[in-house]
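Inspection log for the structure reproduced underneath, given as structure tokens.
Chain naming here is simple, since letters A, B, ... match the order of the sequence lines and numbering starts at 1 in each.
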Amino acid sequence: MGLFEKSIPQELWVKCEGCHEVIFKKEVDRGMGVCPKCQYHFRLTVTERLQMVLDDGALVEWDATIGTTDILGFRDTTTYPDRIEQAQKKTGLTEAVVTGEGRIMNRAVAVGVMDFRFMGGSMGYAVGERISRLFDRARERDCPVVLFSASGGARMQEGIISLMQMAKTSAAVSRFREVGKPFVSVLTDPTAGGVAASFAFQGDVIMAEPRALIGFAGPRVIEQTIKVRLPNGFQRAEFLLEHGMIDLIVARPNLKTTLDTLLRLLSHTPS
Amino acid sequence: MTLHYLPFESDIEETERKLHDLELAAPGYPNAPAKDIQHLRERLQRQLRDVYENLTPWQKTLVARHPDRPQAQDYVAEICDEFVEMHGDRLFGDDFSIVGGLARIGDQPLVVVGQQKGRTTKEKTQRNFGMPQPEGYRKALRLFRIAERFRKPILTLVDTPGAYPGVGAEERGQAEAIARNILEMLALKVPIVTVVIGEGGSGGALALAAGDRLLMMEHAVYSVISPEACVAILWKDGESPDRAASELKLTAGDLQRLGVADEILPEPPGGAHRDPAAVARTVKEAVLRHLSALRERPFEALARERQDRFRRVGDTLVNPPS
Ligand SMILES: [Zn+2]
């Protein structure tokens with residue numbers, strides 16, 4: 001897996017965002033990144049996700065050479081290329097999504113995994129292009145798509161071009177739908193903004209991880225707009241399920257088998 | 001005279017007030033200063049031209065949001081020979097921030113859908129300042145499907161600060177509504193022309209703009225995020241939205257250079273609100289011209305070409321042709 005990530009110094013203890021307890025990290029890792037005390041699902045790296053979902057954790061990566069371009073020459077307190085470099089150093093990734101081909105219980109699938117640590121999983125040209133090509137390649141290979149979203153939304157350093165990625169990825173989904181293979185969208189913590197409002201909510205099946213934050217606007221923006229304290233659990237996966245916005249919530253121990261079942265039922269034709 | 005002046009229009013305001021006073025006084029005074037009036041009129045035109053030819057991106061944002069700027073319903077009234085408004089999404093309710101219906105321009109029947117901010121305080125509240133909720137996008141989609149069923153082209157008029165960030169909007173699936181509109185627009189087998197008439201606010205604008213042509217009014221803006229929100233996130237130190245507006249490249253000229261906008265529709269010096277009828281004629285001419293070109297295409301091929309158009313956005317910026 002050295003392909004995607006350099007080793008990151010391992011802390012011995014981690015604080016759980018769910019129950020605020022300090023927990024032995026090895027215990028969390030052993031439990032697929034789930035807190036043993038409160039079942040909080042920690043955010044995962046791409047490698048951890050692939051290990052959890054794919055047979056042998058093996059991915060043949062696609063389009064890794066599609067890199068970031070500073071289209072606008074964007075500069076805030078630092079330059080956009082500086083921010084990209086920092087994100088690359090921090091994550092060992094080249095961009096906020098990794099795509100490729102793997103197998104889930106021996107079934108070939110096109111897989112995409114976003115990483116929130118890379119500039120908040122934001123979608124610019126490179127992310128949009130990798131995801132669009134994921135759908136193209138799945139269409140050519142006639143295989144299903146499983147895509148794990150984790151994103152705060154569009155990459156504002158790429159201005160209108162980042163907004164256009166919503167239409168671009170949607171165009172790729174639109175083409176993919178013509179071949180009749182399923183697209184399973186897995187919403188992980190957090191999935192918001194332009195990613196939520198494009199391919200992430202275009203899946204044939206939309207599932208979410210427990211307590212993942214999912215929505216269009218971020219909770220702080222909403223609070224500032226309506227000047228009301230938000231109800232407990234607002235925009236969490238359970239809230240979306242209750243309001244009919246997602247198909248199911250799946251905890252990590254059942255993730256792989258659930259994906260296998262869904263893909264099998266959507267692909268199988270009686271002989 | 002306009003009702004509202006923007007912060008950078010103080011010289012224009014002064015000239016216009018003097019002119020107004022003189023014109024009011026003139027008939028009563030035998031030695032009416034006709035020459036002074038003429039002189040002031042010329043000065044006003046010069047000032048308008050000077051200011052409006054050199055607007056900064058932030059100033060353009062303010063013009064795009066000008067309270068007197070023509071809104072979707074103004075364009076419909078000026079451009080369309082007939083219009084029947086249609087209400088509701090058939091699922092939850094009717095969102096007044098989006099107006100739409102069946103229309104006719106000359107002998108061209110079409111479906112028109114636009115965002116409407118409202119002008120009076122009461123109307124703004126009723127129309128939620130042009131910030132749609134999911135039911136607004138679902139109403140738009142319902143009308144798009146009617147257009148496709150009866151093979152009528154679609155005109156969308158974009159003017160929104162963005163999709164509404166509220167509790168109800170989230171409960172009813174704001175992200176899903178926008179995602180679905182984009183996906184379905186990209187597959188519609190009828191021509192779609194979009195005009196950004198004022199403010200194109202992010203995904204809330206794109207949900208009506210995934211069409212075949214994107215036209216922008218000269219002083220319209222279209223951005224992934226508002227300059228105010230962008231500056232708050234990236235600068236955090238009281239930097240003014242000016243700076244973010246410049247970095248974001250959100251003007252009509254920027255969007256044309258970036259290959260997102262197909263055409264810029266000129267406005268009179270001082271902005272569209274100074275001559276709404278003339279601006280509406282410009283929009284009408286451009287819309288009919290693009291629709292008639294698109295009508296030549298087989299409708300089956302249109303959706304594919306539309307998808308390819310968005311697939312290619314930014315390609316030449318990332319890989320410049322050698
Ligand atoms: Zn916990």
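- No other option in A:A167, A:A196, A:A126 has as many heavy-atom pairs under 4.5 Å with chain B as A:A167.
- Put simply, the side chain of B:Q174 never gets that close to the backbone of A:G215: no donor and acceptor are under 3.5 Å apart.
- With a 4.5 Å cut-off on side-chain heavy atoms, A:L72 and B:E247 do not count as touching.
- Comparing B:L255, B:D308, B:V231 by heavy-atom pairs within less than 4.5 Å of chain A, the highest count is held by B:L255.
- Each of B:L234, B:I178, B:L248, B:L186 has some count of heavy-atom pairs under 4.5 Å with chain A, and the biggest count is that of B:L234.
- Note: B:L206 CG to A:M166 CE = 5.5 Å, rounded to the nearest 0.5 Å.
- Looking at B:R309, neither its backbone nor its side chain comes within 4.5 Å of chain A, counting heavy atoms on both sides.
- A distance of 5.0 Å separates OH of B:Y222 from CG of A:L163, quoted to the nearest 0.5 Å.
- Scanning both residues, A:I161 and B:G314, for their nearest heavy atoms gives CD1-CA, 4.3 Å.
- In this structure, A:N232 places its CG atom where only 12 or fewer heavy-atom neighbours from other residues, nucleotides or ligands lie under 6.0 Å away.
- Listed here is the closest heavy atom pair of A:S162 and B:V224: OG-CG2, 3.4 Å.
- At a threshold of 4.0 Å, the pair B:R311-A:D136 counts as salt-bridged, since one of the basic side-chain nitrogens sits closer than that to a carboxylate oxygen.
- No side-chain donor-acceptor contact under 3.5 Å links B:E176 to the backbone of A:F201.
- Using a 4.5 Å cut-off between heavy atoms, B:V167 contacts chain A through both its backbone and its side chain.
- Other residues, nucleotides and ligands contribute over 12 non-hydrogen atoms within 6.0 Å of the CD atom of B:E305.
- If you take CE on B:M185 and OG on A:S170, they are separated by 11.5 Å, rounding to the nearest 0.5 Å.
- A distance-only check finds no donor-acceptor pair linking the side chain of A:Q202 to the backbone of B:R180 [under 3.5 Å].
- Nearest heavy atoms, A:S198 versus B:A179: O-CB, 3.3 Å.
- Most heavy-atom pairs under 4.5 Å with chain A: of the set B:S223, B:A169, B:S202, this distinction falls to B:S202.
- By the 4.0 Å N-to-carboxylate-O rule, B:K249 lies too far from A:E158 to be salt-bridged with it.
- Of the atoms belonging to B:L258, heavy atoms from both backbone and side chain fall under 4.5 Å from chain A.
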Test log, rule side-chain contact (heavy atoms from CB on, under 4.5 Å), inputs A:I160 and B:L250: CA-CA 7 Å; A:I160 196 73; B:L250 46 65; over 6 Å; no
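- Between chain A and the options B:V313, B:V318, B:L317, B:N319, heavy-atom pairs under 4.5 Å are most frequent for B:V318.
- To the nearest 0.5 Å, the span separating OH on B:Y164 from CD1 on A:I222 amounts to 9.0 Å.
- Distance check, rounded to the nearest 0.5 Å: OG of B:S246 to CZ of A:R75 gives 14.0 Å.
- Residue contact with chain B, scored on non-hydrogen atoms closer than 4.5 Å, involves the side chain of A:F239 exclusively.
- Of the atoms belonging to B:L183, heavy atoms from both backbone and side chain fall under 4.5 Å from chain A.
- In this structure, chain B has a heavy atom under 4.5 Å from the side chain of A:Y125, while its backbone stays farther away.
- Put simply, the side chain of B:Q307 reaches to within 4.5 Å of the side chain of A:R175, judged on heavy atoms.
- Contact count versus chain B (heavy atoms, under 4.5 Å) is highest, among A:R177, A:Q165, A:E242, for A:R177.
- A:E129 places a side-chain heavy atom less than 4.5 Å from the side chain of B:D315.
- Looking at B:R306, there are no atoms closer than 4.5 Å to chain A (heavy atoms on both sides), in backbone or side chain.
- Here the OG atom belonging to A:S174 is positioned 12.0 Å from the CD1 atom belonging to B:I182, to the nearest 0.5 angstrom.
- Under a 3.5 Å cut-off, the side chain of B:E170 and the backbone N or O of A:F216 do form a donor-acceptor pair.
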